[in-house]
Amino acid sequence: MKSAALAFAERLHAAPDKRLARFMGELLTDFADLADRMDMSRDELQAAIGFLTEVGEACSERRQEWVLLADVLGLTSAFERRHARLPDEATPNTLAGPFYRPGAPRRADKESICLDGKGTPLVFTARLRSSDGGPVSAARIEVWHANGDGVYENQAPDMQPEFNLRGTYTSGPDGTVRIFTIRPRGYRIPDDGPVGRLLRQLGLPATRPAHLQFRISASGYRTLITHVFDRSDPAIAADPLFAVDPALLADFTATPDGGVACSFTFILARDEHHRKQT
């Protein structure tokens with residue numbers, strides 16, 4: 001197999017797309033080395049091809065199994081961290097995940113995004129700061145999360161109101177906004193397809209820890225897509241999508257009225273090349 005890989009690489013010298021040619025050549029060479037080290041059998045090769053075929057067949061307009069595979073292998077999170085290249089003090093970037101929806105309704109400070117009244121009330125205070133500690137005002141803050149059963153609104157559109165637990169806020173002059181919502185619960189990633197079967201075969205978890213997700217954009221700053229995780233969730237050490245970072249953990253504290261409260265400070269990185277970006 002190694003000689004075939006080398007022969008293939010040699011045929012690529014005249015390829016018009018040199019980067020693609022290099023990528024394919026190195027990919028095949030690495031696979032050939034792996035097959036030699038593992039002494040891969042014909043049956044194992046066919047099983048691998050069959051798995052990749054199943055992943056493709058599981059994709060539809062409502063489901064992207066290839067993205068799920070990249071997520072559970074840690075590729076998506078690794079790429080986010082590699083390409084973000086944020087200053088050390090900035091809030092870490094994470095993957096957006098499969099449940100983001102653009103166009104969430106505008107909400108005022110202290111306005112609730114819980115449209116069905118179900119769940120434990122949560123007051124989430126978001127403080128936006130620049131790396132020098134100053135407030136970031138007039139920032140656009142999109143937030144979305146699962147309900148108390150661990151289900152997103154677009155996972156079960158017949159069971160939750162449209163845009164439930166989704167909203168778009170604007171930070172005030174002091175860089176602060178208060179989001180009224182409910183306490184989210186962790187959820188199981190879709191595990192009824194080939195990727196879920198792979199996780200079970202490897203003995204890997206499929207349950208994500210409870211979190212809220214944010215997309216924050218402001219003029220003169222790099223857009224931040226990130227999570228805020230419930231520090232007390234028992235699944236915090238084994239997120240199947242590898243998005244947990246110690247800097248993204250927060251405490252959800254009980255309040256006298258039977259609800260919970262959480263506050264988090266987001267540090268935005270300045271965008272020196274696109275100060276007009278919004």
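Excluded from the calculations below are hydrogen atoms, water molecules and symmetry mates; all remaining heavy atoms, backbone and side chain alike, are included.
- Judged purely by atom type and a 3.5 angstrom limit, S171 uses its side chain to pair as donor or acceptor with the backbone of A139.
- The hydrophobic cluster containing L34 does not contain L28, counting ILVMFWY residues as joined when their side-chain heavy atoms lie under 4.5 angstrom apart, directly or transitively.
- A 4.5 Å side-chain heavy-atom check between Y100 and R215 finds at least one atom pair inside the cut-off.
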Exercise. Do R129 and F266 pass the side-chain contact (heavy atoms from CB on, under 4.5 Å) test, and can you show the C-alpha distance, the side-chain angles, and the key distance before you say yes or no?
Worked result: CA-CA 6 Å; R129 298 288 184 269; F266 299 90; over 6 Å; no

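- Cluster membership for I267 and L224, using ILVMFWY side-chain heavy atoms within less than 4.5 angstrom, is not shared.
- Side-chain atoms of D230 and S232 include a donor-acceptor pair closer than 3.5 Å.
- With a 4.5 Å cut-off on side-chain heavy atoms, M24 and F8 count as touching.
- Residues T94 and A243 come closest through the heavy atom pair CG2-O, 3.8 Å.
- For the pair T207/P240, no side-chain contact is recorded, criterion being any heavy-atom separation below 4.5 Å from C-beta on.
- Ion pairing between R82 and E80 fails under the 4.0 Å rule for side-chain N and carboxylate O.
- Ion pairing of E142 with R140 is present here, as a side-chain N (NZ or NE/NH1/NH2) and a carboxylate O approach within less than 4.0 Å.
- Checked by atom type, the side-chain pair R106/T170 shows a donor-acceptor distance below 3.5 Å.
- Note that CZ of R208 is 9.5 Å distant from CD1 of I236, once rounded to the nearest 0.5 Å.
- Here the closest heavy-atom approach between residue Q64 and residue C59 is recorded as OE1-SG, 3.7 Å.
- In this structure, C114 and L165 have side chains that are in contact, with non-hydrogen atoms separated by less than 4.5 Å.
- Separating the CG atom in L248 from the CZ atom in R231 is a distance of 10.5 Å, to the nearest 0.5 Å.
- To the nearest 0.5 Å, the span separating OG on S77 from CG on D71 amounts to 7.0 Å.
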For this session: Evaluate the salt bridge (Lys or Arg N to Asp or Glu O under 4.0 Å) criterion for residues D192 and R63: first the C-alpha distance (whole Å), next the side-chain angles of each, then the deciding distance (0.1 Å), finally the verdict.
Result: CA-CA 12 Å; D192 57 341; R63 178 167 182 155; 2.6 Å; yes

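- Scanning both residues, F180 and V123, for their nearest heavy atoms gives CE1-CG1, 3.7 Å.
- Under a 4.0 Å N-O distance rule, the pair R22/D17 does not qualify as a salt bridge.
- For the 3.5 Å distance criterion, the side chains of D257 and T255 qualify, holding a donor opposite an acceptor.
- One distance of note links CG of L128 with CG of L268; it measures 5.0 Å at 0.5 Å rounding.
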Show me the donor-acceptor pairs, under 3.5 Å and distance only, between side chains in residues 198-205 and residues at least two apart or in other chains.
unit_1: R200; atom_1: NH1; unit_2: D191; atom_2: O; d: 2.9

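- The two residues P87 and A269 come nearest to each other via the heavy atoms CD-CB, 3.7 Å.
- For the atom pair CD1 (I179) and CD1 (I141), the distance works out to 6.0 Å, reported to the nearest 0.5 Å.
- Under the 3.5 Å distance criterion, with hydrogens and angles disregarded, no donor-acceptor pair is assigned to the side chains of H145 and R183.
- The environment of CZ in F79 is sparse: at most 12 heavy-atom neighbours from other residues, nucleotides or ligands sit within 6.0 Å.
- Residue L12 holds its CG atom at 9.5 Å from CD of E10, rounded to the nearest 0.5 Å.
- A donor-acceptor pair under 3.5 Å is formed between the side chain of D245 and the backbone N or O of A247.
- Within a 6.0 Å sphere centred on NZ of K118, heavy atoms belonging to other residues, nucleotides or ligands number 12 at most.
- Nearest heavy-atom pair across R166 and R107 is O-NE, 4.4 Å.
- The closest donor-acceptor contact from the side chain of S217 to the backbone of T223 lies at 3.5 Å or more, if one exists at all.
- Side-chain N or O atoms of T120 include none that pairs as donor or acceptor with a backbone N or O of I182 at under 3.5 Å.
- With respect to D271 and R222, no salt bridge is recorded, no charged nitrogen being found less than 4.0 Å from a carboxylate O.
- For W144 and Y152, the gap between ring centers reaches or exceeds 6.0 Å.
- Not a single donor-acceptor pair under 3.5 Å links the side chain of D149 to the backbone N or O of V151.
- Atom CG of D88 has 12 or fewer neighbouring heavy atoms from other residues, nucleotides or ligands inside a 6.0 Å radius.
- Of all the heavy atoms in S112 and Y169, the pair that sits closest is C-OH, 4.2 Å.
- Comment: D233 does not engage R185 in a salt bridge, judged by the lack of any side-chain N to carboxylate O separation of less than 4.0 angstrom.
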Exercise. Please walk me through it: do C262 and L122 pass side-chain contact (heavy atoms from CB on, under 4.5 Å)?
Worked result: CA-CA 7 Å; C262 179; L122 164 66; 4.1 Å; yes

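- Note: the hydrophobic cluster containing V55 also contains V72 (ILVMFWY, side chain heavy atoms under 4.5 Å, direct or indirect links).
- Residues L115 and I113 fail the side-chain proximity criterion, which asks for heavy atoms closer than 4.5 Å.
- Aromatic ring orientation, H211 versus Y187: tilted (interplanar angle from 30° to 60°).
- Of the possible polar contacts, none joining the E26 side chain to the F23 backbone as a donor-acceptor pair under 3.5 Å is found.
- Under the 4.5 Å side-chain contact rule for hydrophobic residues, L95 and V195 share a cluster.
- A side-chain donor-acceptor contact under 3.5 Å links R270 and Y221.
- Contact annotation: the side chain of F31 approaches that of M40 to within less than 4.5 Å [non-hydrogen atoms, C-beta and beyond].
- Looking at T226, its side chain never comes within 3.5 Å of a backbone N or O of N93 through a donor-acceptor pair.
- In this structure, the ring of F124 has its center less than 6.0 angstrom from the ring center of F214.
- Side-chain contact between F163 and N154 is absent, with no heavy atoms from C-beta onward closer than 4.5 Å.
- By the 4.5 Å heavy-atom criterion applied to side chains, F264 and T125 are not counted as neighbours.
- Taking a cutoff of 4.0 Å between a charged side-chain nitrogen and a carboxylate oxygen, E162 and R101 qualify as a salt bridge.
- Hydrophobic cluster membership differs between L45 and L52, with clusters built from Ile, Leu, Val, Met, Phe, Trp and Tyr side chains linked at under 4.5 angstrom.
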